[in-house]
Amino acid sequence: MRKVFFDIETRDIFEDVGKNDPSLLSISIVGTYDSETDSYDSYSQEEFPRLWKLIEQADVLIGFNSDHFDLPLLNKYYPGDLFKIKSIDMMAAVKTALGRRLSLKNIAGATLGEKKSADGLQAYHWWKEGKVQEIRDYCIQDVKVTKNLYDHIVKNKKIRYRDGQNELELAIDTTGWEDKGDHAMTFSLGF
């Protein structure tokens, strides 16, 4: 099964667009990991034709807060409908199990001992400063953390997280995560 892990950084923030709607934002960089080639890559808007070729070959798209944020935002650039591809949003799985959302930083720190190298707000400032390579590096690092967290959850069926001073454990239902998606994407690929 070909898994594509992904994360998005933006050129603007909700305050800039006046509404908490991801589809109103503009993408600076998309980071990916392709399980078939065991490789990481990043894409600016100008490089999206390459990204579409990868995404259309994916059996599943995997992210963190991806169903609420990343997919709606990326879908506005795509000539078809990315929601037709199977997706796994680990934040949604955590929210289902816990009843509330947790940050990737919290879960990755407690579960994997991994830290994020920055945050989305820093990436926004880097964009304003023209530091595109820093955004690419940060976005790829987030994709690595996301992939490592996914691998841990599939293997162990649980995460750890911090709640105040306490570190707690939470079971995660991964039913269907490793099942191949059923889709046919041909919107941007030539024949």
Side-chain angles (χ1 to χ4, degrees), residues 1-11 27-67 69-93 104-105 107-108 111-118 120 123 126-127 131-157 159 172 174-191:
M1 177 168 68
R2 190 171 194 173
K3 302 172 194 167
V4 173
F5 294 80
F6 74 112
D7 183 54
I8 292 176
E9 300 308 324
T10 63
R11 298 178 179 194
I27 294 174
S28 61
I29 296 294
V30 177
T32 63
Y33 169 79
D34 178 4
S35 68
E36 186 170 291
T37 62
D38 189 29
S39 63
Y40 292 89
D41 205 347
S42 63
Y43 308 83
S44 66
Q45 287 184 25
E46 297 74 25
E47 299 166 315
F48 281 178
R50 281 192 315 114
L51 175 61
W52 303 147
K53 290 176 183 176
L54 171 64
I55 285 179
E56 290 176 352
Q57 295 174 37
D59 293 305
V60 61
L61 299 174
I62 303 168
F64 194 90
N65 195 27
S66 51
D67 287 350
F69 185 83
D70 301 82
L71 278 175
L73 176 52
L74 191 58
N75 204 44
K76 84 175 190 178
Y77 292 89
Y78 183 65
D81 183 3
L82 294 175
F83 289 98
K84 291 183 178 181
I85 302 175
K86 177 182 175 179
S87 71
I88 297 171
D89 181 345
M90 289 183 287
M91 179 188 271
L104 180 59
K105 178 181 177 180
I107 298 168
T111 303
L112 306 170
E114 292 186 22
K115 296 185 180 193
K116 291 173 46 109
S117 60
W126 282 332
W127 178 260
K131 297 179 177 178
V132 177
Q133 188 58 51
E134 284 86 342
I135 302 168
R136 287 182 188 273
D137 295 343
Y138 164 64
C139 196
I140 293 292
Q141 180 58 33
D142 262 11
V143 174
K144 288 178 181 178
V145 171
T146 300
K147 180 195 176 301
N148 291 344
L149 182 61
Y150 177 89
D151 291 344
H152 175 90
I153 293 172
V154 166
K155 179 181 177 184
N156 299 290
K157 311 289 188 243
I159 61 163
I172 302 293
T174 62
T175 303
W177 282 20
E178 292 290 294
D179 297 341
K180 189 173 181 178
D182 182 24
H183 70 279
M185 301 297 293
T186 57
F187 295 108
S188 69
L189 291 178
F191 293 98

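Because the structure is a prediction, the values reported are computed rather than measured.
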Look up atom CD1 in Ile85 and atom CD1 in Ile55, then write down how far apart they are to the nearest 0.5 Å. 6.5 Å
Tell me, do Glu9 and Trp127 make a side-chain contact under 4.5 Å, heavy atoms counted? no
Mind checking what makes side chain to side chain donor-acceptor pair (under 3.5 Å) contact with Gln133, not counting sequence neighbours? Asp137
Atom pair CE (Met90) and OG (Ser66), whose distance is rounded to the nearest 0.5 Å: 7.5 Å
Can you sort out the partners of Thr10 under side chain to side chain donor-acceptor pair (under 3.5 Å), two or more places apart, ordered by chain and number? none
Please tell me if the side chains of Leu71 and Phe83 come closer than 4.5 Å, counting only heavy atoms from C-beta onward. yes
Just jot down the side chain to side chain donor-acceptor pair (under 3.5 Å) partners of Arg50, sequence neighbours excluded, or say none. Asp41
Measure the shortest side-chain to side-chain distance between Leu74 and Trp52 over non-hydrogen atoms and say whether it is less than 4.5 angstrom. yes
Taking ring pair (Phe, Tyr, Trp, His ring centres under 6.0 Å) as the test, write out the residues that go with Tyr77, two or more places apart. Phe48
Taking atom types as modelled and ignoring hydrogens, do the side chains of Tyr40 and Asp34 form a donor-acceptor contact shorter than 3.5 angstrom? no
By salt bridge (charged side-chain N to carboxylate O under 4.0 Å, His left out), which residues pair with Lys3, not counting sequence neighbours? Glu178
Do Phe6 and Ile62 have side-chain heavy atoms sitting under 4.5 Å apart? no
Which residues pass the side chain to side chain donor-acceptor pair (under 3.5 Å) test with Thr175, sequence neighbours left out? Asp173
Looking only at non-hydrogen atoms, find the nearest pair between Ala93 and Ile172 and report the distance. CB-CG2, 4.0 Å
Checking side-chain contact (heavy atoms from CB on, under 4.5 Å) between Leu112 and each of Ile107, Asn148, Ile159, which is the one that passes? Asn148
Rounded to the nearest 0.5 Å, what's the gap from CZ on Arg11 to CD on Gln45? Could you check? 4.0 Å
Report the residues that fulfil ring pair (Phe, Tyr, Trp, His ring centres under 6.0 Å) with Trp177, sequence neighbours left out, ordered by chain and then residue number. Tyr150
On a heavy-atom basis, which atom in Asn65 and which in Asp70 lie closest, and how many Å separate them? O-OD1, 3.4 Å
Using 0.5 Å steps for rounding, measure from the CG atom of Asp179 to the CG atom of Asp59. 11.0 Å
Beyond-backbone contact of Ser28 with Trp126, side-chain heavy atoms, under 4.5 angstrom: no
Please give me the minimum heavy-atom distance between Lys180 and Met1, naming the atom from each residue. CA-SD, 3.4 Å
Does any non-hydrogen side-chain atom of Glu56 lie less than 4.5 Å from one of Tyr78? yes
Selection residues 148-157 - residue pairs positive for salt bridge (Lys or Arg N to Asp or Glu O under 4.0 Å), sequence neighbours left out: Lys147-Asp151
Residues in ring pair (Phe, Tyr, Trp, His ring centres under 6.0 Å) contact with Phe69, at least two apart in sequence or another chain: none
If you round to the nearest 0.5 Å, how far is CG of Leu61 from CG of Leu54? 8.5 Å
Using 0.5 Å steps for rounding, measure from the CD1 atom of Ile8 to the SG atom of Cys139. 8.0 Å
Results of side-chain contact (heavy atoms from CB on, under 4.5 Å) for Ser42 - residues two or more places apart only: Ile29, Arg136, Ile140
Pair Thr32-Val143, side chain to side chain contact (heavy atoms under 4.5 Å, CB included): steps then yes or no: CA-CA 6 Å; Thr32 63; Val143 174; 5.7 Å; no
For Asp89, which residues count as a salt bridge (charged side-chain N to carboxylate O under 4.0 Å, His left out) partner, sequence neighbours excluded? none
